[in-house]
Amino acid sequence: MPKKDTSRPLFDPAIVRQAGMECFRKLTPASQARNPVMFTVYVGSILTTCLAVQAYLGHGEAPFGFVASISAWLWATVLFANFAEAMAEGRGKAQAAALRGLRQDVSARKLLHPRRDSPFQNVMAKTLHRGDLVLVEAGDIIPSDGEIVEGIASVDEAAITGESAPVIREAGGDRSAVTGGTRLLSDWLVVKVAAESGETFLDRMISLVEGAKRRKTPNEIALNILLASLTLVFLVVCATLRPMSAYAVAMSGQGAAVTITALTALFVCLAPTTIGGLLSAIGIAGMDRLIQSGVIATSGRAVEAAGDVDVLLLDKTGTITLGNRQASAFLPVKGVDERELAETAQMASLADETPEGRSIVVLAKERFGIRGHELHDLGATFVPFTAQTRLSGVNLPGRILRKGAPDAIKALAEQSGERIPQELDQAIHEVAKSGGTPLLVAENGRPLGVVWLKDIVKGGIRERFAELRSMGIKTIMVTGDNPLTAAAIAAEAGVDDFLAEATPEAKLARIRQYQAEGKMVAMTGDGTNDAPALAQADVGVAMNSGTQAAKEAGNMVDLDSNPTKLLEVVAIGKQLLMTRGSLTTFSISNDIAKYFAIIPAVFAGIYPQLGVLDVMGLATPKSAILSAVVFNALVIVFLIPLALKGVKYVPLPAAVALRRNLFIYGLGGLLVPFAGIKLIDIIIAALGWA
Amino acid sequence: MNANDLTQYLFYLALLVAASWPLGLYIARVYQDRPCGLDRILGPVERLLYRLCGIDASKEMDWKAYALAVVACNALGILAVYAVQRLQGALPLNPAGLPGVDPYVAFNTAVSFATNTNWQAYGGETTMSHLTQMLALTVQNFVSAATGMAVMAALIRGLARRETSLLGNFWRDLTRSTLYVLLPLSVILAVALVWQGVPQTLAGSATARLVEPTAYEKPVLDGSGNPVLDAAGKPLTEPATQAEQVIAMGPVASQVAIKQLGTNGGGFFNVNSAHPFENPTPLTNLLELLAILLIPAALCHAFGVMVGDRRQGWAVFMAMTILFAGFAFLTIQAEATPNPLLEKAGVASAANMEGKEVRFGAAGSALWAAATTAASNGSVNAMHDSFTPLGGMWPMLLMQLGEVVYGGVGSGLYGMLVFAVVAVFVAGLMVGRTPEYLGKKIEPFETKMAALVILIPPFLSLMGTALAAVAGPPDAVSNPGPHGFSQMLYAFSSMGNNNGSAFAGLTASSPFWTIAGGVAMFVSRYWLIVPVLAMAGSLAGKKRLQAGPGTLPTHGPIFVALLMAVVLVVGALTFVPALALGPVAEHLALFK
């Protein structure tokens, strides 16, 4: 998957500095209580601090130096976790600050009637309500999200999308939505406000990137429950160890019951602090990665759902093929010269600014050296393409030139009483069969031949579909083309299935069918007629260029309006979950080594024979306990980059991915702490700390 | 471990694998209401029972109604068992004229038998009348086992069904478990035991003249039964001669059959299956040993059939079997090691034979110890207290793992499926999908219930032991020190996991032990059943997602390994410190 260069380095000094201060601010009980695992560490830190004070005053259960250093490292553990969260939040905040600049308090012209010439009053944008009508003129900032009721204008959306080229917005059709905070460059618009103040796209985007309104996703909650229960188990294990060891002391007549300091240290080492401390950072960073790639999700839930997708409904145009079809051949009917066809097609396309139209002009020039005519010299009038006629062309004196879909031209021919030659149908069929789109050209109603518009399948897309297939994700190409054409392109692109002559209803029905089979479906869409399907899909990515209805129906908006983004969204969702799972496994496997460090250290005084369990050969019992605590704190710091970037994501089948991650994080988590604790022990012993 | 031990071990494992598969297929038919053969004979009986009890057995229940039925039925059972014990002195079928049972012991026993634990704070032949043994205890042996199976059936339905709230009818599941599974198997086993010489009689004890009368010093007792002390404070004794022996008997075979098959374990006699009338021959030993694990193992396959994918059943079965095989091997190995202190004293032995019956040998006893603790059976054919420290630790750890290595009938499988949910949760995340098991998404509610099920037994075991260590009666353990600690830890691990196996050496009839133990048994049974049913209800309401290459396969070797790892890691992380103070410290001191 092509990695987008993130604009910010992982450790931007400004963000690090900010996070360094923020991690102390997060020490309030209220913000600690949100994370059950770290809250217990927090309580442990306070407890050991009290014990250190007690030891300082000379009544301690252990020497002051030891209790104080355990306490200090427990506080460090809490601070490191805070720091990780602050780092992740900081990256989002930097982005939010830029966005907030747009939400200057603009004034709006509130109209009384939905007409441009209606009387209006000037109000502040934040007082606008859903359903209000406003007039926006060139140079204005659009006050709120809305639907265009009247007018056409060019809008600069760079602030939201980062795309510098202005876009055209007009009433009706699929480009009728405007976003608050964008600027009108020309003309005027009457806009019906579609969002209350504070709920606009921009507001949502700011709160999202800031993580301010971040609600935990169901999966995060479930993992939190699991971690909290593990923490509870270890709490009971450590709490019961004191009476148990007291009994052992009474029986063996030597040693001392385990100190509260040592028990707290053991507890914090065993509790899943590594994942507990990094969990919220992982979630925020996942959302941040999504935003970096230009996708805004309405909820974290949607991001996780993206990881579960089994079926991708992909629009052919723009995702699988390059957006524009290109003319690649002229196929004249009998009795018509190829050159004549080329010239007519070129003339009919001169006013056509679509990529297809331009490619016809270019092909005619390349093949026959026909230069484009100056239209006004010819006294021509354009006939633009409409969805009703499905034709376009020019009217010249005495010549009516048309090009269009086969049905439309055939209908035209029948109207004009022209015969439709048999070889025409054959040519249409052949073009369709090879995955091309046939375009008919007619002069005064007489069909001259077919222009072969060829779909160009994007380079590398086939390999990506193969990758998806290996991960168990099925790709469905959705196209308005006839089944013949669709099948040819589907085969070329390597998709698993296709939906030809797709209507919004057919799309919706297909999604429902997959869901009934127990599959999770993702799709992209932009038009209002896509809205039901977008709402029905488990992951619906609306194009930012699309309508307001589409944007509201989906649960993600792609700012770049690039349908291929769906593939990236799936990867980000999977990576987020993988990071959580891998760090959980790592955190729990760490406990084995910590037991080997701490159990002999606390029990060897009571039963000296337990000293053989000290397989690491640690310097002293105190140094053993301290080393385990220091390792436990430092591992959080070392894993912050992993939590922010996410674990390495490779598209693999589930069984292979599991084996791989178990090997790296399970086995790694088992072995790393043995080395780490031993190393820290050597340093502590060398420094004479314990 | 010698060749003979190894042969016994492998033969037993092979027999278990071979016998559990067809039984599993049969049990699946029982729960799926498909013809199972016996329904032609027992069908009318079943329908008559429903009519007599006024039950509409075709009416399905949601999880709350199901749980309510389970708890109500069991609460009634506890009350009935308590009442019968207390009143047995005034009730018939009491040839030995035993008085009503002490209230603490009666409470403990009532809870113990209703919860399928069968912890025995009493000696059977000297405390319970025939009526109590048959009407109260044996009935609960069936009901508690059938309850476990019913709850398991409900959980499996929750996994197999989609978008419904209904889990089946508890009364129907209870009746069918008893009628089609437990009763027929018990009859077969009881007849086989009688053939091998196990008594089945309503007569009282037999009196035999001793070949050689024994002379001994008998303590002098005062009117209230306390020993009379002399001036020096030593008990006074008088010479006495014993010329005859009283041999306790009763309806033994019928109770032994169900106590083995229903993972109950409550013996007719105090020494349980070490007694020659409960377990007279090597053949009865093999049959009883097979009976311990037969139904719990078979249920795995029934599960596979009921969820429509036999491989799922095999995966759970393999995880349990590999764990069991490992622990059994370690236990046999430990018991094949002679006690070094005895060797030093010049007593040569090939294995640790202390506390074992010669007719079973070290391997036969160790294998039984592993099986009885793996399944939450608790019957014994040797005294675990006399095992080597490690030989006692492996069975203890098998209980501490949560009784899911086969485990109790029904309860073992539902416990293991909860562990599977947890394993799937962690593994599912690692493959980048929100976790699902058998196509059901694992969400916060399921995690919460799973956490409850997994947390409660270790809580009870650890907190009970800690309480006993500081507040329990100081003279309850026979060997103060690491071994005495093991005795306490073993007792609470046994009660906190509804096993009922006793380490021996612990006097458990005091109010502290009967009450603390009774509470532990009660909580660990019903505080698990209710969350399991709640989880079943929530799972039943979900869609069942289709599996593809992107879903984590839950039938392959990786999943089996992962499931075993989760069970072992949770158990080990929880009990390592406590075990270090008990068996590990003892072992390291003994084998310096």
Side-chain angles (χ1 to χ4, degrees), chain A residues 218-219 221-223 225-226 228-229 232-234 236-237 239-241 243-248 251-252 270 304-305 307-308 310 470-473 517-520 573-575 577-578 580-582 584-585 588 591 595 599 603 606-607 609-610 612-613 649 653-655 657-659 661-662 665, chain B residues 162 422 425-436 439 442-444 446-448 450-452 454-455 458-459 462-463 465-467 469-470 480-482 484-485 543-546 548-553 556 558 562 565 569-570 572-578 580-581 584-585 588-589 592:
Chain A
N219 176 261
I221 295 171
L223 182 56
I225 292 168
L226 202 70
S229 17
L232 261 177
V233 169
F234 292 129
V236 170
V237 168
T240 52
L241 218 46
M244 286 179 187
S245 63
Y247 174 85
M251 292 300 128
S252 72
L270 294 179
E304 282 169 9
D308 296 350
D310 307 285
S470 76
M471 290 160 64
I473 298 175
E517 286 170 16
K519 290 185 169 152
M520 301 272 284
K574 283 198 179 289
Q575 196 188 23
L577 295 173
M578 277 185 185
R580 273 189 203 143
S582 301
T584 304
T585 309
I588 295 168
D591 285 357
Y595 264 139
I599 293 289
F603 289 157
I606 307 172
Y607 295 127
Q609 67 266 30
L610 288 176
V612 301
L613 296 179
Y649 168 79
L658 177 65
R659 203 160 46 217
N661 284 333
L662 266 182
Y665 298 97
Chain B
R162 61 185 84 180
V422 173
F425 187 86
V426 177
L429 286 181
M430 272 194 286
V431 304
R433 277 175 81 95
T434 56
E436 60 200 57
I442 309 302
E443 286 170 304
E446 290 76 36
T447 325
K448 224 179 280 177
L452 274 178
I454 289 179
L455 289 188
F459 275 26
L462 286 177
M463 292 201 281
T465 309
L467 195 66
V470 290
F485 183 76
K543 283 196 283 193
R544 197 165 169 188
L545 303 178
Q546 210 180 41
T551 15
L552 174 80
I558 302 181
L562 191 80
V569 164
V570 170
L573 289 182
T574 313
F575 288 100
V576 157
L581 288 176
V584 175
L588 290 172
K592 265 202 246 302

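So you know, we letter chains A, B, ... as the sequences are listed, proteins then strands, and number each from 1.
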With chain B, the option among A:Thr240, A:Val233, A:Asp308 that has the most non-hydrogen atom pairs under 4.5 Å is A:Asp308
side-chain hydrogen bond (donor to acceptor under 3.5 Å, both in side chains) between B:Thr434 and A:Asn219, worked out | CA-CA 7 Å; B:Thr434 56; A:Asn219 176 261; 5.9 Å; no
Going from CE on A:Met578 to CZ on B:Arg433, what distance comes out if it is rounded to the nearest 0.5 angstrom?
-> 11.0 Å
Neighbour count >12 (heavy atoms, 6.0 Å) for atom NZ, B:Lys448 | no
For chain A, the option from B:Val470, B:Leu455, B:Leu552, B:Thr465 that forms the most heavy-atom pairs under 4.5 Å | B:Leu455
Side chain, backbone, both or neither: which part of B:Phe485 has a heavy atom under 4.5 Å from chain A?
-> both
Shortest non-hydrogen contact from A:Ile225 to B:Pro444?
-> CD1-O, 3.6 Å
Options B:Leu573, B:Val584, B:Val576, ranked by heavy-atom pairs under 4.5 Å with chain A, top entry | B:Leu573
Choice from B:Leu581, B:Leu562, B:Leu545 maximising heavy atom contacts with chain A below 4.5 Å = B:Leu581
Closest heavy-atom pair and its distance - B:Ala580, A:Ile599 | CB-CG2, 4.0 Å
Heavy-atom pair count under 4.5 Å with chain A, highest-scoring of B:Pro480, B:Gly556, B:Pro458 = B:Pro480
Checking A:Ser582 against chain B: side chain, backbone, both or neither under 4.5 Å from a heavy atom?
-> both
What part of A:Phe234 gets closer than 4.5 Å to chain B, counting heavy atoms only: side chain, backbone, both or neither?
-> side chain
What option among A:Pro653, A:Ser229, A:Ala657 has the most heavy-atom pairs under 4.5 Å with chain B?
-> A:Ser229
Report the C-alpha distance between B:Leu588 and A:Val612 in whole Å, list the side-chain angles of each, state the deciding distance to 0.1 Å, and finish with yes or no for side chain to side chain contact (heavy atoms under 4.5 Å, CB included).
-> CA-CA 9 Å; B:Leu588 290 172; A:Val612 301; 3.7 Å; yes
Interatomic spacing from OG1 in B:Thr447 to CD1 in A:Ile221 - rounded to 0.5 Å | 10.0 Å
Which residue out of B:Val426, B:Thr551, B:Ile558, B:Ile454 racks up the most heavy-atom pairs below 4.5 Å with chain A?
-> B:Ile558
From the list A:Thr585, A:Leu613, A:Ile473, the residue making the most non-hydrogen contacts under 4.5 Å with chain B is A:Thr585
Under 4.5 Å from a heavy atom of chain A, the part of B:Val422 involved | side chain
Note: vs chain A, highest number of non-hydrogen pairs under 4.5 angstrom among B:Pro482, B:Gly484, B:Ala572 is B:Pro482
Sort A:Ala248 into side chain, backbone, both or neither according to what part of it lies under 4.5 angstrom from a heavy atom of chain B.
-> side chain
Locate the shortest heavy-atom distance separating A:Leu658 from B:Ala427; write the atom from each residue and the value.
-> CD1-CB, 3.7 Å
Is a donor on one side and an acceptor on the other found under 3.5 Å between the side chain of A:Tyr595 and the backbone of B:Pro577?
-> no
If every non-hydrogen atom of A:Gly581 is compared with every non-hydrogen atom of B:Leu429, which pair is closest and at what distance?
-> CA-CB, 3.4 Å
Portion of A:Leu270 that has a non-hydrogen atom of chain B nearer than 4.5 angstrom | neither
Kindly give the heavy-atom pair with the smallest separation between B:Glu443 and A:Ala222, and that separation in Å.
-> C-CB, 4.1 Å
So which of A:Met520, A:Met251, A:Met244 has the biggest tally of heavy-atom pairs under 4.5 Å with chain B?
-> A:Met244
What heavy-atom pair brings B:Gly481 and A:Tyr607 nearest, and what distance separates the two atoms?
-> C-OH, 4.2 Å
